[in-house]
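The structure appears right after this line, and notes come after that.
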2 protein chains.
Amino acid sequence: MEVRRQDIHNSEIPLVCRACEARHGGVCGALTAEQLVELNRHSSRHRLETGAEVIGQGETVVNYSNIMRGVVKLTKVMADGRQQIVGLQFAPDFLGRPFLEESAITAEAATDSEVCNFPRHVLDRLVKRTPELEHKLHRQALKELDEARDWMLTLGRKTAQEKVASFLYLIATHIDPESVDQSSFDLPLSRADIADFLGLTIETVSRQFTKLRKENVIRIENNRHVSVPDMDRLMRYASTD
Amino acid sequence: MEVRRQDIHNSEIPLVCRACEARHGGVCGALTAEQLVELNRHSSRHRLETGAEVIGQGETVVNYSNIMRGVVKLTKVMADGRQQIVGLQFAPDFLGRPFLEESAITAEAATDSEVCNFPRHVLDRLVKRTPELEHKLHRQALKELDEARDWMLTLGRKTAQEKVASFLYLIATHIDPESVDQSSFDLPLSRADIADFLGLTIETVSRQFTKLRKENVIRIENNRHVSVPDMDRLMRYASTD
DNA sequence: TCCGCCATTTGATTTTGATCAAGTGAAAGC
DNA sequence: GCTTTCACTTGATCAAAATCAAATGGCGGA
């Protein structure tokens, strides 16, 4: 029976993996016990403090990661310093760009985080032998592509107010997908990061926060904690369907 | 010998496929002669006039396509009509979003085009059995993701002038990758489309064209034909590295 | 406790690009 | 051949967001 076989296999799964919250959510779910053992031999967990860089734009990719806890921001920087956040990744997302030597983006912990690293060549080898693993990575890439395109609409066509509301809505729906109540959360980004995500300045972001607060769309405590009394209303402010 | 075996296989490849320009560039390159025969049984080529819709936002996906000729634009529309082009696809790109029932975007011929359609379920079945095919689609998704993120920087952080220069540079480098001389080409998009791609109005796009023309960065004939005397100079105007 | 720092907010002014409105010019139809 | 149409350009004005500048307020360290 399927359940029985899984139980047997479970007993061979590395302890760290069995205790791992991303065991099924990340890429690891596609692997057999045997493969997990191999991957585990080379993988290592790391804590990242806010601001810690996972990889820099233009650097050689040596590791892929699973995000175990926290939020990682993906940014692009122009020569003159202008900056754009092109993606936010939440646990238990896979982090990395397969099949590319050099990273086109910087990945940096937006909050205190924890990641599980595996060497690029080990996972690459595993991908070649495990169609199910490539399938998982493929799905992850498509998810990120959908998200990127959604955000292009926000960047290109929304007003400052709609952008800020869109951001709040995004965080509310991503930060803790488990929790029933998405209406109260801590922002994982500073005002400067939010500005870089929305293509605005920090002043404009701040003013829009104030406006949304005065119109009772949100409440703010300590700058970072937000409550949303009516999520549908926030959604309307975001002009998101 | 590898070459020999391929020759033998070639003789079994459907005629239409053997004559097909996208035979190796699209997804078909991952398939055996046998698989090509099967796919070919259900596939059909279509001409698309400018403006013809391949699929609409919210519609059920019934076909995937290879673009044989022309340029296809991917757009998102808001409830109030605001519109954003979130991607341009050039021959011989694969067109479609695997693993999703409903399309999140509209795909529409930007120029007179030609596509090769195959039913979704046939390709889906083929993907399950052919890791090499999924690998190709995976790579295509990652390429599109890279492009989307590059464009997010353009949308979020560049000025109108930089945006228009970035667009011209993109077209110059994509429209005809074969040609040695990329310095002269026809624009595949109208001013309105360009505006929707750049998150600007047509008036602003037009003014920036005029400015670039007056500064001798480009020359324009008949509104649609552009020559670039110095590609590096255009690149600098685009603030692209 | 007080100081200094840093993130954030708020205010005044400027700038960029949007909007509104009129032209221009080339191709299609009568 | 003339008109109509449509895409595009150009001009004048407006508004949204950027910029410049100054508060505010919480927090950690002396």
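Every chain is numbered from 1 and lettered A, B, ... according to where its sequence line falls, protein lines coming before strand lines. Scope of the values below: all heavy atoms of this structure, side chains included, with no hydrogens, waters or symmetry mates.
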ask   = Counting just side-chain N and O atoms, does A/T201 come under 4.0 Å of either OP1 or OP2 of D/dA18?
value = yes
inquiry  = What is the separation between atom CD1 on A/I202 and atom P on D/dC20, rounded to the nearest whole Å?
reply    = 13 Å
query = Expressed in angstrom and rounded to an integer, what is the separation of A/F209 atom CZ from D/dA17 atom P?
reply = 15 Å
task = Any pair with a residue in residues 209-222 of chain B that passes side chain to side chain donor-acceptor pair (under 3.5 Å), sequence neighbours left out, goes on the list, sorted by first then second residue, please.
result = B/E215-B/Y237
note = Across all chains, not counting sequence neighbours, the ring-ring contact (aromatic ring centres under 6.0 Å, His included) partners of A/F209 are none
inquiry  = Can you pull out the residues from residues 155-162 of chain A that lie within a 4.0 Å heavy-atom distance of DNA chain C?
reply    = none
query = Does a side chain donor of either A/N117 or A/S65 reach within less than 3.5 Å of an acceptor in the other side chain?
reply = yes
query = Can A/R149 and B/E144 be counted as an ion pair, charged N to O under 4.0 angstrom?
reply = yes
query = Can you check whether A/L95 reaches A/Y64 side chain to side chain, under 4.5 Å on heavy atoms?
reply = no
query = So where does chain B start and stop touching DNA chain C, 5' to 3', when the test is distance under 4.0 Å to a non-hydrogen atom?
reply = C/dG17 to C/dC20
inquiry  = Applying side chain to side chain donor-acceptor pair (under 3.5 Å) to B/S239 and B/K158, what does each step give before you reach the verdict?
reply    = CA-CA 8 Å; B/S239 298; B/K158 290 190 184 175; over 6 Å; no
task = With sequence neighbours excluded, tell me which residues meet side-chain contact (heavy atoms from CB on, under 4.5 Å) with B/D80.
result = B/M78, B/R82
key: Side-chain heavy atoms of B/P188 within contact of B/I171, under 4.5 Å   = yes
inquiry  = I'd like to check B/L189 versus B/F167 (side-chain heavy atoms, cut-off strictly below 4.5 Å). Are they in contact?
reply    = yes
Anything under 3.5 Å between a protein N or O and an N or O of nucleotides 21-28 of chain D, put it in a table, one pair a line.
none

task = For B/E101, enumerate each residue passing the side chain to side chain donor-acceptor pair (under 3.5 Å) test, keeping only those at least two apart in sequence or located in another chain.
result = B/R120
query = Listed in order of residue number, which residues of residues 72-88 of chain A have a non-hydrogen atom at under 4.0 Å from DNA chain C?
reply = none
key: SB check A/R191 A/E203 (cutoff 4.0 Å)   = no
ask   = Quick one: on DNA chain D, does B/K214 or A/R207 contact a more 5' nucleotide (nearest heavy atom)?
value = B/K214
request  = Using whole Å, report how far CD1 of B/I220 lies from P of D/dC8.
outcome  = 11 Å
key: Student check: side-chain heavy atoms of B/W151 and B/I85 closer than 4.5 Å   = no
note = To the nearest 10 degrees, the angle between the two end axes of the helix from C/dT1-D/dA30 to C/dC30-D/dG1 (five pairs per end) comes to 30°
request  = Sequence neighbours left out, what pairs pass side chain to side chain donor-acceptor pair (under 3.5 Å) with at least one residue falling in residues 47-57 of chain B?
outcome  = B/T50-B/D112
task = Write down the distance between CZ (B/R224) and C1' (D/dC6), rounded to a whole number of angstrom.
result = 12 Å
query = D/dA16 phosphate, OP1 or OP2: any side-chain N/O from A/T204 under 4.0 angstrom?
reply = no
query = Does the pair A/K73/A/D196 count as a salt bridge with the N-to-O cut at 4.0 Å?
reply = no
Residues forming a ring-ring contact (aromatic ring centres under 6.0 Å, His included) with B/F118, sequence neighbours excluded = none
ask   = Partners of A/A104 by side-chain contact (heavy atoms from CB on, under 4.5 Å), sequence neighbours excluded?
value = A/K76
ask   = Given atom CZ of B/R191 and atom C1' of D/dT10, what is their separation to the nearest angstrom?
value = 14 Å
